[in-house]
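One structure below.
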Amino acid sequence: MYTQQKNKALFLDRDGVVNVDHGYVYQSDKFEFIDGVFSSCKTFYDAGYKIIIVTNQSGIGRGYYSEADFLALTEWMKDQFSAHSIEVTDVYFCPHHPKKARPEYLKECSCRKPAPGMLLQGIQEHNIDPACSIMVGDKLSDMQAAKKAGITTRVLVRSGQSFDESAKQEADLIIDSINSLPALLNT
């Protein structure tokens with residue numbers, strides 16, 4: 001019996017990993033890509049990794065911007081990746097918040113990191129093998145979500161966020177910049 005080979009993925013948090021985290025960014029003119037994100041992603045893309053972005057977007061739930069605003073920015077962002085010959089396979093987002101949101105978004109959900117819902121959805125929809133995949137984030141919640149989703153390589157990047165010992169303990173690797181990420185392929 002033939003079984004389809006599973007894909008590997010490079011899962012990326014957005015704010016603080018793909019772009020500088022200026023807080024609730026939803027307009028392209030305020031979106032600043034982190035230096036090295038395209039070259040690092042291209043290395044993984046060329047090595048056969050699917051590029052999947054998973055991002056908490058409580059700014060939607062809080063009413064700072066709409067889902068349409070977010071989706072328009074996402075299309076623009078994906079076009080910037082395309083211009084660097086990188087296809088972003090998918091972008092998953094969670095608009096919810098358990099305490100600070102408008103009523104329709106005010107809830108505990110299975111998608112907001114540290115819950116693994118967005119990662120599990122990506123794994124299921126794109127036939128991903130979590131054991132061969134990598135999660136790159138800048139917060140403890142990114143590492144916790146990856147662990148719950150069975151992603152065995154969890155990378156914490158120092159991109160402006162300060163994190164405590166518990167975040168470091170959940171990571172397999174801590175790097176100063178996304179520029180250090182391609183070295184993982186040689187290990």
Side-chain angles (χ1 to χ4, degrees), residues 2-19 21 25 28 31 33-57 67 70-95 109-139 141-157 159 170-175 177-187:
Y2 173 76
T3 54
Q4 183 182 2
Q5 184 175 347
K6 291 201 173 264
N7 297 306
K8 53 193 174 184
L10 178 64
F11 289 97
L12 302 169
D13 176 44
R14 195 192 80 174
D15 301 320
V17 176
V18 171
N19 59 287
D21 190 351
V25 175
S28 61
F31 195 95
F33 285 99
I34 288 192
D35 287 338
V37 72
F38 294 122
S39 59
S40 294
C41 288
K42 179 78 169 126
T43 300
F44 280 87
Y45 182 73
D46 289 348
Y49 284 78
K50 304 269 185 200
I51 307 295
I52 300 175
I53 296 171
V54 289
T55 178
N56 287 349
Q57 290 293 319
E67 285 193 37
F70 172 79
L71 294 172
L73 177 64
T74 297
E75 285 309 307
W76 174 86
M77 178 190 71
K78 288 168 69 176
D79 287 345
Q80 305 312 302
F81 274 93
S82 291
H84 289 85
S85 304
I86 304 161
E87 178 193 347
V88 174
T89 300
D90 221 328
V91 177
Y92 296 97
F93 70 99
C94 172
C109 61
S110 63
C111 52
R112 182 175 174 77
K113 294 176 287 179
M118 291 185 285
L119 292 159
L120 294 172
Q121 186 178 355
I123 287 166
Q124 205 269 321
E125 289 180 357
H126 299 289
N127 192 34
I128 303 296
D129 182 351
C132 297
S133 296
I134 300 167
M135 172 68 198
V136 182
D138 66 337
K139 295 183 184 73
S141 59
D142 297 318
M143 301 300 102
Q144 292 170 322
K147 186 175 185 179
K148 291 173 190 168
I151 295 171
T152 52
T153 305
R154 298 178 297 277
V155 180
L156 198 56
V157 64
S159 51
E170 292 293 328
D172 296 302
L173 182 65
I174 300 169
I175 58 176
S177 159
I178 198 155
N179 289 309
S180 306
L181 198 57
L184 270 181
L185 290 175
N186 301 323
T187 58

Could you walk me through whether Ile53 and Met77 pass side chain to side chain contact (heavy atoms under 4.5 Å, CB included), step by step?
CA-CA 11 Å; Ile53 296 171; Met77 178 190 71; 3.5 Å; yes
Apply side chain to side chain contact (heavy atoms under 4.5 Å, CB included) to the pair Met135 and Val54, showing each step before the final yes or no.
CA-CA 9 Å; Met135 172 68 198; Val54 289; 3.9 Å; yes
Run the side chain to side chain contact (heavy atoms under 4.5 Å, CB included) check on Phe11 and Val17 step by step: do they pass?
CA-CA 10 Å; Phe11 289 97; Val17 176; over 6 Å; no
What verdict does the side chain to side chain contact (heavy atoms under 4.5 Å, CB included) test give for Tyr92 and Thr55, after you've listed the backbone C-alpha separation in whole Å, the side-chain angles of each residue and the deciding distance to 0.1 Å?
CA-CA 6 Å; Tyr92 296 97; Thr55 178; over 6 Å; no
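Here the shortest heavy-atom pairing between Leu119 and Ala149 reads CB-CB, 3.8 Å. Smallest separation of non-hydrogen atoms from Cys109 and Cys94: SG-SG, 3.6 Å. When all heavy atoms of Pro130 and Gly150 are compared, the closest pair comes out as CB-O, 3.4 Å. The minimum heavy-atom distance linking Cys111 with Met118 is given by the pair O-CE, 3.3 Å. In this structure, Gly16 and Asp138 approach most closely via the heavy-atom pair CA-OD2, 3.4 Å.
Applying the salt bridge (Lys or Arg N to Asp or Glu O under 4.0 Å) test to Lys78 and every residue at least two apart in sequence or in another chain returns Glu75. The side chain to side chain contact (heavy atoms under 4.5 Å, CB included) test applied to Ala171 returns Met143, Leu156, Ile174, not counting sequence neighbours. Under the rule for a side chain to side chain contact (heavy atoms under 4.5 Å, CB included), Asp79 has no partner lying at least two apart in sequence or in another chain. Evaluation of the salt bridge (Lys or Arg N to Asp or Glu O under 4.0 Å) rule for Lys50 yields no partner, not counting sequence neighbours. Listed by chain and residue number, nothing satisfies the side-chain hydrogen bond (donor to acceptor under 3.5 Å, both in side chains) test with Asp172 (two or more places apart in sequence, or in another chain). Partners of Glu67 by salt bridge (Lys or Arg N to Asp or Glu O under 4.0 Å), not counting sequence neighbours: none found. Residues satisfying the side chain to side chain contact (heavy atoms under 4.5 Å, CB included) test with Ser180, not counting sequence neighbours, are Ile175. The side-chain hydrogen bond (donor to acceptor under 3.5 Å, both in side chains) search around Ser141 returns none, not counting sequence neighbours. Not a single side-chain hydrogen bond (donor to acceptor under 3.5 Å, both in side chains) links His84 to another residue, sequence neighbours left out. With sequence neighbours left out, Lys148 forms a side-chain hydrogen bond (donor to acceptor under 3.5 Å, both in side chains) with no residue at all.
Between the NZ atom in Lys139 and the CG atom in Asp21 there is a gap of 5.0 Å [rounded to 0.5 Å]. Atom CG of Leu10 is separated from atom CD1 of Ile51 by 4.5 Å, given to the nearest 0.5 angstrom. Between the CZ atom in Arg154 and the CD atom in Gln144 there is a gap of 10.5 Å [rounded to 0.5 Å]. Gln57 CD to Arg112 CZ: the interatomic distance, rounded to the nearest 0.5 Å, is 9.5 Å. To the nearest 0.5 Å, atom OG of residue Ser177 and atom CD1 of residue Ile34 are 8.0 Å apart. Distance check, rounded to the nearest 0.5 Å: CZ of Phe31 to CG of Asp15 gives 7.0 Å.
For the salt bridge (charged side-chain N to carboxylate O under 4.0 Å, His left out) condition, the pairs that include at least one residue of residues 113-133, sequence neighbours left out, are Asp13-Lys113, Lys113-Asp142.
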Determine all donor-acceptor pairs shorter than 3.5 Å in which one atom belongs to a side chain in residues 36-49; sequence neighbours excluded.
from: Ser39; atom 1: OG; to: Gly36; atom 2: O; distance (Å): 3.2
from: Ser40; atom 1: OG; to: Gly36; atom 2: O; distance (Å): 3.1
from: Ser40; atom 1: OG; to: Ile178; atom 2: O; distance (Å): 2.7
from: Lys42; atom 1: NZ; to: Asp46; atom 2: OD1; distance (Å): 2.8
from: Lys42; atom 1: NZ; to: Asp46; atom 2: OD2; distance (Å): 3.4
from: Lys42; atom 1: NZ; to: Ser85; atom 2: O; distance (Å): 3.4
from: Thr43; atom 1: OG1; to: Ser39; atom 2: O; distance (Å): 3.0

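Taking the six-membered ring where tryptophan is involved, the planes of Phe93 and Phe70 are tilted, since the angle between them lies from 30° to 60°.
With hydrogens and angles ignored, the 3.5 Å screen pairs no side-chain donor or acceptor of Thr153 with any backbone N or O of Ile134.
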